[in-house]
Structure formats: C-alpha cells, structure tokens
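This report refers to the structure that appears directly beneath it.
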Amino acid sequence: MIVMKFGGTSVGSPERIRSVVNLVNDDKPKIVVLSAMSGTTNALVKISELFYAGNKSAVAEIDQLEDKYKVVVSELYGTEEYRNRGTGLIRERFDLLRSFSRRPFTAVDECTILAQGELLSTALTRLYCEESGIASMLLPALNFMRIDRNGEPDSYYIKEQINRELESCPDVKLFITQGFICRDANGEISNLKRGGSDYSASLIGKAINAEEIQIWTDIDGFHNNDPRYVKNTKAIRELSFSEAAELAYFGAKILHPACVWPAQEANIPLLLKNTMEPEAPGTVISSKAVDEGIKAIAAKDNITAIKIKSGRMLMAYGFLRKVFEVFESYRTPIDMITTSEIAVSLTIDSTVHLDKIIQELQLYGNVGIDRRMTIICIVGNNIMNSKESIAKIFKALKNVPVRMISYGGSRHNISILTDSEYKAEALNRLSEYLFMDEHRSRHKRHSSD
Ligand code: ADP
Ligand code: ASP
Ligand code: MG
C-alpha cells in the first residue's frame with residue numbers, strides 16, 4: 001500500500017480536486033491524505049480568533065467562507081443530485097461552525113473549528129469520486145490519529161486503530177482521510193499543528209508499513225534554497241532522511257518539521273511530487289547514501305537568542321546542567337548553543353514560558369535577550385569534509401552580522417544565527433556563492449566583490 005498526501009493548493013479548486021482524483025485513480029491500494037482547500041485553515045483561524053474576542057463578525061466570516069464552498073459545490077459536481085448532496089455536506093459543517101456563536105467559547109471549540117477544513121475537503125472529494133463511479137471510502141482520522149499528554153503522536157494506538165479500520169474493509173483500494181486533525185489524550189479534537197498534514201501522511205505510512213509515502217504539493221520537489229526568497233533555486237533529486245529532517249526542522253516549508261522522522265524510523269522512502277506537473281521527477285528522500293557536499297539552505301524565523309553571562313561558569317562544572325534544567329522544566333526545546341568561558345548563548349523558538357525562564361536563569365547570571373532572529377541552516381552529507389565550501393559560506397556572509405554559529409554538532413549541518421532583517425540577503429548570497437559559482441565569477445569580472 002502507498003500513502004499519497006495532497007496539500008492545500010493541490011485541492012484548492014474544483015479543477016484541482018478533479019486532477020487529484022485523476023492521479024489517484026488506478027488499481028494500486030492507497031490511502032489518500034488531504035489537507036484543507038488552500039485559504040480555509042487561515043479563515044478558520046480568523047473565525048476562532050473572532051469567537052475568542054466575543055466579536056459578532058465571526059458569523060459573517062463563516063457565511064463568507066460558506067459562499068466560497070457553495071461555488072465549489074456548484075462547479076465540482078456534474079449533476080443536480082450530487083450538487084444537492086454536496087450542498088447538504090457543507091451546510092452541516094457550516095451550521096456547526098455557526099453554533100459556536102450561541103455558547104461560551106473554549107480551546108476545544110477552537111480545535112473543532114480548525115478541523116472543519118480537512119473534514120470538508122475529504123467529504124467533497126469522496127463524493128466526487130462517487131459521482132465519477134470511482135469506488136472509495138472515507139477513513140476518519142479522528143478514529144485513529146491520536147496524540148498523548150505530551151502532544152506527541154501515540155504510535156502504538158495509531159497503528160492498532162488504523163490497521164483495524166483497514167482490515168474491516170479488505171475490498172477497498174482507495175481510502176481517503178484527513179491530514180492535520182487528530183484527538184488528544186482526553187479524546188477531544190486536536191491537531192498536529194499548522195502544516196501537519198505531511199506529518200499525518202508519514203505517521204500513517206509508518207503505521208501501515210507503506211511501500212512509499214508521496215507528498216504532492218505545488219512545486220517540483222525539494223529546492224536547494226527557499227523559493228519564496230531566492231530566485232533560480234533548483235529541485236534536488238535525492239536527499240537522505242537526515243538531510244531532509246534537518247531542512248524541514250530548520251524551516252523548509254515544503255515539509256512539516258517533524259514529518260521525516262516516522263518515515264526514517266520505518267525506512268520508508270518519501271517522494272515529493274508536483275501536482276501541477278506530475279511528470280517532473282520530484283525528490284526522493286531515503287536512507288540511500290547520497291553525494292557529499294552542500295545540498296540546500298533553509299531558514300527558521302521567530303527565534304529568540306538568550307545569553308547567560310556569569311563568572312561562576314569559569315572552570316566550573318554543573319553550570320550548563322542547571323541552565324538546561326530550566327528549559328527542561330518549561331518543556332522548551334533549545335535549537336542552537338554556543339559557549340565561551342564565562343557565557344553561554346542559546347536559541348529557542350517557543351516563547352510561551354520566556355518570562356519565567358528568564359526569571360530562573362537570572363539566578364545563575366546576567367541574562368540578555370535578542371528577539372526576531374533567524375537561523376540559517378546549511379545542509380549536506382558530511383558537509384564538514386568540504387573545506388572549500390566552508391570558506392565560501394564565510395565569504396558569502398561577509399556583510400551579514402552573525403550572532404551565533406553552530407558547526408560540528410552533526411555531520412550534515414552548519415547553522416548561523418542572524419537578525420531576521422538580514423535573512424533574505426543571507427539566503428541570496430549563500431545561493432550565489434554555493435550554487436551559482438559560474439554566474440558569480442562572471443559577475444565578479446564586472447564589479448569588485
Ligand atoms: P502544501 O499546501 O502542499 O502543504 P506548502 O505551502 O506547505 O504546500 O509547501 C510548499 C511550498 O513550500 C512551496 O510552494 C514553496 O514556496 C515553499 N518552500 C519553502 N522552502 C522550500 C524548499 N526548500 N523547496 C521547495 N519548496 C519550498
Ligand atoms: N490545513 C492545515 C494548515 O493549513 C494543515 C496542512 O495544510 O498541512 O496548516
Ligand atoms: Mg504544507
């Protein structure tokens with residue numbers, strides 16, 4: 001069995017939904033994981049914010065979103081009968097959304113609201129399959145996808161439940177399920193965080209021991225830099241799991257930060273493909289050893305750097321342990337760390353408990369904070385073997401103020417921390433020096449570097 005996940009743009013219009021159904025319509029057994037249609041989750045986030053604020057315009061926003069779905073229904077289905085059924089499907093979802101205006105709003109309600117996008121896209125797509133005479137079945141993610149008390153996927157439960165569901169329908173070849181949504185340890189509706197449908201797909205792939213997990217999106221694979229900031233980026237044909245995991249974790253939006261790990265643990269290849277250009281080869285992420293050297297660059301924003309400076313650190317042991325324990329007690333992961341004789345600098349991306357963390361750290365020394373920082377992550381197998389590339393990185397960043405550098409922590413990653421204001425410049429300069437050397441030398445002949 002394979003898993004095929006389609007993102008928001010891939011199911012973003014009636015035409016796109018028809019192309020997806022076309023792509024999945026063969027005899028190969030598969031689970032198709034769908035995101036919400038593009039724009040929907042953002043609209044649902046806005047609706048919950050309005051509900052939280054007690055703002056009456058939430059209902060007007062819901063009506064507006066429903067109008068968009070009415071157009072989708074009218075264009076997606078070919079017959080009156082299916083248009084009526086489609087209208088019934090969306091009405092049910094939007095009536096539920098409107099019902100939140102009649103009672104106090106809670107965090108569970110917020111998750112229920114955010115879940116409606118994936119519930120809508122999967123229901124509409126399954127109905128379209130039925131109208132087109134394609135046998136398919138909905139596999140409700142809320143029956144098998146669950147996170148535990150720490151917010152981590154409950155792998156054992158997921159595996160048991162999904163396999164039970166599949167075994168109860170041995171004749172079905174095409175299952176359609178929701179990405180992103182899950183239940184929490186109390187059985188309430190929750191989710192795997194924004195962009196989480198990729199994570200759903202790889203958790204499902206691992207749970208059913210799939211042959212392959214395909215992530216279909218709006219670009220022809222993993223590019224060597226962020227195409228939203230850099231022109232002339234190129235698709236990479238092959239990446240190792242470790243390279244892809246680092247890039248996803250450090251901000252490459254094409255994959256959810258945690259999506260590579262389940263596939264890596266189960267050694268299932270991840271294939272990234274373009275829905276708009278299905279013939280393009282895309283990117284294969286697997287355990288196969290691939291070329292050495294720098295493959296790609298990614299950037300992670302909203303980073304906070306914390307410096308703890310203390311004479312007590314000098315020649316002392318146990319100091320770092322105490323510092324790390326503060327972060328552990330507030331369940332706040334640390335991304336980068338550098339030390340000197342009397343100071344330690346580290347970065348975090350969750351500032352939920354920042355005030356309390358600072359208060360406790362002040363017991364150990366002077367604490368300084370830099371906000372709005374960006375980690376630029378340069379990734380490639382055995383990156384450290386390439387002395388020439390390291391020299392190019394520093395040349396490229398000549399005019400970028402570097403706050404921290406992490407080098408040597410792993411064989412495939414060099415991370416650099418800078419003010420977010422310099423992100424675009426750093427990404428572009430690195431691309432120019434690392435991937436477009438020829439272009440650069442030509443340019444250099446005409447201007448002094
Ligand atoms: P989906 O809705 O299919 O999940 P996303 O918008 O989440 O799609 O991810 C695809 C987008 O990720 C691309 O359109 C591209 O702008 C962005 N992106 C950022 N970094 C990269 C990268 N290194 N390679 C490819 N795409 C990237
Ligand atoms: N619909 C969700 C989001 O927009 C999940 C996803 O698309 O992966 O974040
Ligand atoms: Mg995505």
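We use all heavy atoms of the structure for the numbers below, so side chains are in, but hydrogens, waters and symmetry mates are not.
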Original post:
Are I254 and T283 side-chain neighbours, meaning at least one heavy-atom pair lies under 4.5 Å?
Top reply: no

Original post:
Any side-chain heavy atom of L361 within less than 4.5 Å of one from F327?
Top reply: yes

Subject >> Heavy-atom pair with the smallest gap, counting every atom of L34 and S197 >> reply: O-OG, 4.3 Å

**OP:** Using only heavy-atom distances, determine whether the side chains of T374 and D301 contain a donor-acceptor pair under 3.5 Å.
**Re:** yes

Original post:
Are I376 and L397 close enough that some pair of their side-chain heavy atoms sits under 4.5 Å apart?
Top reply: no

**OP:** Let me see the working for I90 and K70 under side chain to side chain contact (heavy atoms under 4.5 Å, CB included), right down to the final yes or no.
**Re:** CA-CA 8 Å; I90 62 172; K70 282 183 183 158; 4.0 Å; yes

Original post:
Any side-chain heavy atom of S200 sitting closer than 4.5 Å to one from L192?
Top reply: yes

Original post:
Do M145 and T177 touch side chain to side chain, with heavy atoms closer than 4.5 Å?
Top reply: no

**OP:** Specify the closest pair of heavy atoms between T9 and S38, including all atoms of both residues, with the distance to one decimal.
**Re:** N-CB, 4.0 Å

**OP:** Enumerate the residue pairs fulfilling salt bridge (charged side-chain N to carboxylate O under 4.0 Å, His left out) with a member in residues 240-255, sequence neighbours excluded, ordered by first and then second residue.
**Re:** E243-K295

Subject >> Geometric cation-pi criterion K356 and Y330, 6.0 Å radius, 45° cone >> reply: no

**OP:** Tell me, yes or no, whether the heavy-atom count around D26 atom CG, taken from other residues, nucleotides or ligands under 6.0 Å, exceeds 12.
**Re:** yes

**OP:** Please examine the side chains of L430 and V230, heavy atoms only from C-beta on, and report whether any two atoms are closer than 4.5 Å.
**Re:** no

Original post:
Judged by modelled atom types alone, do E165 and N143 share a side-chain donor-acceptor pair under 3.5 Å?
Top reply: yes

Original post:
Quick one: are V45 and R194 in side-chain contact, heavy atoms under 4.5 Å?
Top reply: yes

Original post:
Would you say the side chain of E388 lies within less than 4.5 Å of the side chain of K392, judging by non-hydrogen atoms?
Top reply: yes

Original post:
Hey, is NZ on K307 packed in by over 12 heavy atoms from elsewhere, all under 6.0 Å?
Top reply: no

**OP:** Would you list the pairs meeting ring pair (Phe, Tyr, Trp, His ring centres under 6.0 Å) in which at least one residue belongs to residues 233-259, sequence neighbours left out?
**Re:** Y199-H256

Subject >> Heavy-atom closest contact (Q178 atom, L139 atom, distance) >> reply: OE1-O, 3.8 Å

In a table with atom names and distances, give each donor-acceptor pair under 3.5 Å that connects a side chain of residues 148-156 to protein atoms at least two apart or in another chain.
from	atom 1	to	atom 2	distance (Å)
D148	OD1	N150	N	2.9
D148	OD1	G151	N	3.2
D148	OD1	E152	N	2.9
R149	NH1	N186	OD1	3.3
D154	OD1	Y157	N	3.4
D154	OD2	R146	NE	3.3
D154	OD2	R146	NH2	3.0

**OP:** Work out which heavy atom in L174 is nearest to a heavy atom in C129; give both atom names and the distance.
**Re:** CD2-SG, 4.4 Å

Original post:
Tell me, which pairs form a ring pair (Phe, Tyr, Trp, His ring centres under 6.0 Å) where one or both residues lie in residues 204-227, sequence neighbours left out?
Top reply: F6-W216

Original post:
With the threshold set at 4.0 Å, does a side-chain nitrogen-carboxylate oxygen contact exist between R228 and D226?
Top reply: yes

Subject >> With D109 via side-chain contact (heavy atoms from CB on, under 4.5 Å) - residues at least two apart >> reply: F100, R103, F105, T106

Subject >> Whether N191 side chain and A115 backbone form a donor-acceptor pair below 3.5 Å >> reply: no

Contacts under 3.5 angstrom, residues 260-273 side chains, donor-acceptor by atom type, not counting sequence neighbours:
from	atom 1	to	atom 2	distance (Å)
E265	OE1	K206	NZ	2.8
N267	OD1	S287	OG	3.0
K273	NZ	P278	O	2.9
K273	NZ	A280	O	2.8

Subject >> Taking every non-hydrogen atom, the tightest pair across A298 and A252 >> reply: CB-N, 3.9 Å

**OP:** Determine whether more than 12 heavy atoms belonging to other residues, nucleotides or ligands lie under 6.0 Å from atom CG of N302.
**Re:** no

Original post:
Where is the tightest heavy-atom contact between G8 and S35, given as atom of each residue plus distance?
Top reply: N-CB, 3.6 Å

**OP:** State whether the number of non-hydrogen atoms from other residues, nucleotides or ligands found under 6.0 Å of R237 atom CZ is greater than 12.
**Re:** yes

**OP:** Would you check if there is a donor-acceptor pair between the side chains of S345 and R403 at a distance under 3.5 Å?
**Re:** yes

